[in-house]
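To start, the structure under review is shown below, and the notes come after it.
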Amino acid sequence: SFPTRRSSDLIRAVWLVSNLKIGQTGYPLCFLDTQYLVNPSIAFFPSHRFYHGKLKSAVDSLQTPIVEGFLWPNPEIGIAMIHVDSPEEVSNHSLQILGKFADFREAELIVQILVKLLSRNQVDLGDIAILTPFRSQQRLIRKAISLACKVSPFNLALSSNFGLPNAQIDPALFVHSRLCIELIDEEKPIDKDFIILSTVRSTRRGGLGELQDGRLLNSFLLKARRGAVLVGNLSTLARVPAFRDFIIWAQSNSILLKYS
């Protein structure tokens with residue numbers, strides 16, 4: 001039998017491997033070649049891109065079924081990559097969103113995805129995480145959800161790509177649930193059934209900061225047990241080799257969407 005996601009032994013092993021440095025203990029580090037948490041369709045790309053196909057899955061699609069309630073472009077793969085072509089913001093004083101970068105269209109889309117999921121009652125908000133590399137976007141998403149919850153009943157017209165028109169949700173669900181909106185960190189032990197990654201950056205020049213590290217993509221995908229949605233600008237992300245490979249793979253597997 002394999003350890004469950006709540007196994008203290010598994011959590012301790014992952015923490016030790018991610019924090020030990022070669023040479024500090026006198027013992028060589030070994031590669032943990034089996035993952036026990038993530039739907040195999042989600043683990044496939046990181047296994048081949050980051051681990052040369054050596055990362056195996058000890059769970060199958062029956063044990064970790066793809067989350068229902070989101071219109072997956074390819075129903076056999078629990079991943080969607082959504083292109084958002086909108087300018088990034090450095091700050092916005094009217095909403096008190098200060099920091100490096102934020103993207104209002106991405107925040108708007110994320111609220112719509114949440115409404116779509118809740119309207120089908122297929123996943124609890126406590127099993128959803130929203131991740132981003134930028135603290136300003138984290139604040140913006142929290143603000144967007146807070147503003148949306150002030151509308152009662154929660155009656156939000158959704159994009160044709162993402163759900164039922166005029167879906168009504170009790171705003172109290174957002175207030176009282178354990179909705180996780182965090183900065184992405186490859187060492188932070190966040191694993192949820194459904195994870196949205198807001199990449200924010202939309203620029204043709206200059207550095208991309210945290211996004212430049214392709215391991216961020218690997219961390220995101222291996223935290224999402226049953227569904228992963230990446231939101232961002234494809235042209236910008238394609239400047240990073242790991243994201244460029246992911247976009248090519250996404251195109252070949254028909255998991256691309258465009259938010260308009």
Side-chain angles (χ1 to χ4, degrees), residues 39 41-42 65-75 77-86 102-134 137-151 153-175 177-184 190-200 202 217 220-221 223-234 237 246 250 254-260:
N39 181 285
S41 71
I42 302 174
I66 295 172
V67 167
E68 297 182 15
F70 180 86
L71 189 59
W72 300 104
N74 183 338
I77 299 177
I79 304 175
M81 187 173 195
I82 307 174
H83 173 59
V84 179
D85 188 10
S86 60
D103 190 305
F104 284 75
R105 290 281 286 165
E106 288 190 17
E108 173 189 78
L109 170 59
I110 287 168
V111 173
Q112 295 184 3
I113 293 173
L114 290 176
V115 173
K116 165 66 175 177
L117 287 174
L118 291 178
S119 69
R120 292 289 183 87
N121 296 315
Q122 296 295 323
V123 61
D124 185 82
L125 271 181
D127 291 321
I128 298 173
I130 302 168
L131 304 179
T132 181
F134 302 104
Q137 184 72 354
Q138 180 190 34
R139 297 190 188 108
L140 176 60
I141 293 169
R142 287 174 175 167
K143 189 74 172 181
I145 292 174
S146 176
L147 290 174
C149 287
K150 292 180 180 179
V151 180
F154 196 168
N155 189 342
L156 185 64
L158 303 184
S159 161
S160 59
N161 279 342
F162 303 109
L164 305 172
N166 302 321
Q168 294 188 1
I169 300 297
D170 182 357
L173 290 175
F174 285 95
V175 177
S177 69
R178 301 181 307 278
L179 178 59
C180 174
I181 306 174
E182 295 287 347
L183 299 177
I184 187 167
I190 295 175
D191 60 278
K192 298 286 185 178
D193 282 348
F194 187 91
I195 298 183
I196 305 169
L197 174 63
S198 176
T199 58
V200 180
S202 179
L217 175 62
F220 156 62
L221 291 172
K223 293 178 189 296
R225 293 193 292 257
R226 299 171 51 218
V229 175
L230 188 151
V231 178
N233 184 289
L234 267 61
L237 293 174
F246 182 65
S254 303
I255 62 171
L256 290 180
L257 294 170
K258 181 178 180 179
Y259 181 56
S260 57

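Because the structure is predicted, anything quoted here is derived from the model rather than measured. Side chains included, hydrogens not; waters and symmetry mates left out as well; all remaining heavy atoms used.
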Mind checking whether [X] and [Y] have side chains closer than 4.5 Å, heavy atoms only?
X: Ile181; Y: Ile145; result: yes
X: Ile196; Y: Phe70; result: no
X: Leu257; Y: Met81; result: no
X: Lys223; Y: Lys192; result: no
X: Thr132; Y: Leu140; result: no
X: Val229; Y: Trp72; result: yes

I need the minimum non-hydrogen distance between [X] and [Y], along with the two atoms involved.
X: Ile66; Y: Gly78; value: CD1-N, 3.5 Å
X: Leu179; Y: Leu114; value: CD2-CD1, 4.3 Å
X: Arg105; Y: Val84; value: CB-CG1, 3.8 Å
X: Val111; Y: Ala144; value: CG2-CB, 4.0 Å
X: Glu68; Y: Leu117; value: O-CD2, 4.1 Å
X: Arg225; Y: Asp193; value: NE-OD1, 2.9 Å

How many angstroms lie between atom [atom1] of [X] and atom [atom2] of [Y], to the nearest 0.5 angstrom?
X: Asp103; Y: Glu108; atom1: CG; atom2: CD; value: 10.0 Å
X: Ile79; Y: Ile195; atom1: CD1; atom2: CD1; value: 11.5 Å
X: Leu109; Y: Ile82; atom1: CG; atom2: CD1; value: 5.0 Å
X: Cys180; Y: Leu131; atom1: SG; atom2: CG; value: 6.0 Å

When you look at Phe246 and Leu230, which way does the side chain to side chain contact (heavy atoms under 4.5 Å, CB included) test go after all the steps?
CA-CA 11 Å; Phe246 182 65; Leu230 188 151; 4.1 Å; yes

From CA spacing to verdict: side chain to side chain contact (heavy atoms under 4.5 Å, CB included), Phe220, Thr199:
CA-CA 11 Å; Phe220 156 62; Thr199 58; over 6 Å; no

Is the side chain of Ser198 donor-acceptor paired with the backbone N or O of Val231 at a distance under 3.5 Å, no angle test?
no

Run the side chain to side chain contact (heavy atoms under 4.5 Å, CB included) test on Leu256 and Leu234 for me, step by step, so that the C-alpha distance in whole Å, both residues' side-chain angles and the decisive distance to 0.1 Å come before the verdict.
CA-CA 10 Å; Leu256 290 180; Leu234 267 61; 4.1 Å; yes

Begin with the C-alpha distance, continue with both residues' side-chain angles, and end with the deciding distance and a verdict on side chain to side chain contact (heavy atoms under 4.5 Å, CB included) for Val67 and Asp127.
CA-CA 11 Å; Val67 167; Asp127 291 321; over 6 Å; no

